[in-house]
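All remarks here apply to the structure that follows.
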Amino acid sequence: MTMPASRVERVGVFCGARPGARPQHLRLATEFGEALAQRGTGLVYGAGGVGIMGAVADAVLDAGAPVTGVIPRQLYEREQPDESRTEVIVVETMHERKALMYRLAVGFAVLPGGLGTLDELLEVATWNQLGILHKPLVLVNQGGFFDPLLTLLDNMVSDGFISQEERFVIQVASGVEEALDCLVSPVPRPERSTIPPVASRTQAAPTAAT
């Protein structure tokens with residue numbers, strides 16, 4: 001039975017409009033969408049009907065949970081939103097798209113994707129760092145897709161450009177259920193003294209402004 005859209009909280013998902021080179025990416029998207037709906041949670045995403053985006057949305061819809069897509073007018077035809085089952089909101093710019101998604105979602109999961117996915121991830125992380133947002137953000141790092149990015153983030157800590165506390169704004173989960181635990185029942189951010197040291201370097205970096 002489909003859940004009433006107005007009563008369901010939504011998780012924002014950032015992911016690719018392409019399927020990727022390995023089948024595991026589409027499998028992860030389907031698994032995430034099914035698990036999200038099973039927890040009684042809806043989806044807000046970039047409205048694409050193709051690639052990882054389309055797979056997540058189809059899985060959520062097939063499981064009976066509501067989906068809201070937000071898309072700029074210039075991408076409307078390219079990303080093929082499914083308006084037969086999905087609430088689609090057309091906005092004028094990419095900035096409006098992201099701002100509305102940030103407002104509608106209770107938290108954000110990041111699945112494999114490209115430059116747009118990285119843009120959304122880092123903007124939400126920055127907004128949380130600055131106190132503009134206070135919403136959980138988690139990388140679903142199944143299969144180690146995001147390992148190079150995590151190494152870069154740790155290097156930013158070691159070289160003094162972000163603090164260890166700021167690094168923790170981006171949570172990491174190795175699987176779908178662990179990621180949803182971070183979003184549906186977020187774990188409070190630890191005090192600075194309880195954050196584990198960075199593995200790649202031995203010396204903690206001082207807090208640095210953006």
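Contact of the V56 side chain with the Y45 side chain is not registered, since no non-hydrogen atoms from C-beta on lie closer than 4.5 Å. The shortest distance between side-chain heavy atoms of T151 and N155 falls below 4.5 Å. In this structure, the side chains of T68 and L43 stay at 4.5 Å or more apart for every pair of heavy atoms. Put simply, the side chain of V13 does not reach to within 4.5 Å of the side chain of F108, judged on heavy atoms. I170 places a side-chain heavy atom less than 4.5 Å from the side chain of L139. Looking at W127 and K135, their side chains never come closer than 4.5 Å, going by heavy atoms from C-beta outward. When side chains are defined from C-beta on, P72 counts as touching L75, because their heavy atoms get closer than 4.5 Å. The closest side-chain heavy-atom distance from L28 to P112 is below 4.5 Å.
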Next item on the list: Mind running side-chain contact (heavy atoms from CB on, under 4.5 Å) on L149 and L121 for me, showing each step along the way?
Entry: CA-CA 11 Å; L149 174 61; L121 160 67; 3.6 Å; yes
Check: Is there a side-chain contact (heavy atoms from CB on, under 4.5 Å) between V44 and V11 once you walk through the steps?
Finding: CA-CA 6 Å; V44 58; V11 163; over 6 Å; no
Checklist line | Residues Q24, F145; criterion side-chain contact (heavy atoms from CB on, under 4.5 Å); working and verdict | finding: CA-CA 10 Å; Q24 69 188 52; F145 177 82; 5.9 Å; no
Next item on the list: In sequence, state the C-alpha distance, the side-chain angles, and the governing distance for E177 and R39, and then conclude on salt bridge (charged side-chain N to carboxylate O under 4.0 Å, His left out).
Entry: CA-CA 10 Å; E177 295 299 336; R39 296 211 182 193; 2.6 Å; yes
Next item on the list: Report the C-alpha distance between V110 and L137 in whole Å, list the side-chain angles of each, state the deciding distance to 0.1 Å, and finish with yes or no for side-chain contact (heavy atoms from CB on, under 4.5 Å).
Entry: CA-CA 8 Å; V110 186; L137 171 65; 3.9 Å; yes
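In this structure, E34 contributes its side chain and E31 its backbone to no donor-acceptor pair below 3.5 Å. The closest donor-acceptor contact from the side chain of R97 to the backbone of V91 lies at 3.5 Å or more, if one exists at all. Of the possible polar contacts, one joining the N141 side chain to the F146 backbone as a donor-acceptor pair under 3.5 Å is found. Judged by distance alone, with hydrogens and angles left aside, the side-chain atoms of S158 form a donor-acceptor pair with the main-chain N or O of D154 at under 3.5 Å. In this structure, the side chain of N128 engages the main chain of V124 through a donor-acceptor pair within 3.5 Å. Using a distance-only test at 3.5 Å, with no hydrogens or angles considered, no donor-acceptor pair links the side chain of E123 to the main chain of E120. In terms of modelled atom types and a separation under 3.5 Å, the side chain of E166 and the main chain of I162 share no donor-acceptor contact.
Between A65 and T41, the shortest heavy-atom distance links the atoms CB-O, 3.6 Å. Between G12 and A105, the closest heavy-atom pair is N-CB, 3.4 Å. Across Q142 and V176, no two heavy atoms sit closer than the pair OE1-N, 4.1 Å. Minimum interatomic distance between L26 and G51 (heavy atoms only, all atoms of both residues): CD2-O, 3.8 Å. Residues G69 and T86 approach most closely at N-CG2, 4.0 Å, considering heavy atoms. Minimum interatomic distance between R10 and P66 (heavy atoms only, all atoms of both residues): NH2-CB, 3.6 Å.
The distance from atom CE of M101 to atom CG of L104, rounded to the nearest 0.5 Å, is 8.5 Å. In this structure, I132 CD1 and Y102 OH are separated by 10.5 Å, a value rounded to the nearest 0.5 Å. One distance of note links OG of S163 with CE of M156; it measures 13.0 Å at 0.5 Å rounding. In this structure, SG on C15 lies 9.0 Å from CZ on F32, to the nearest 0.5 angstrom. In this structure, CG on D58 lies 13.0 Å from CE on M53, to the nearest 0.5 angstrom.
When the shell of 6.0 Å around CZ of R85 is examined, it contains more than 12 heavy atoms from other residues, nucleotides or ligands.
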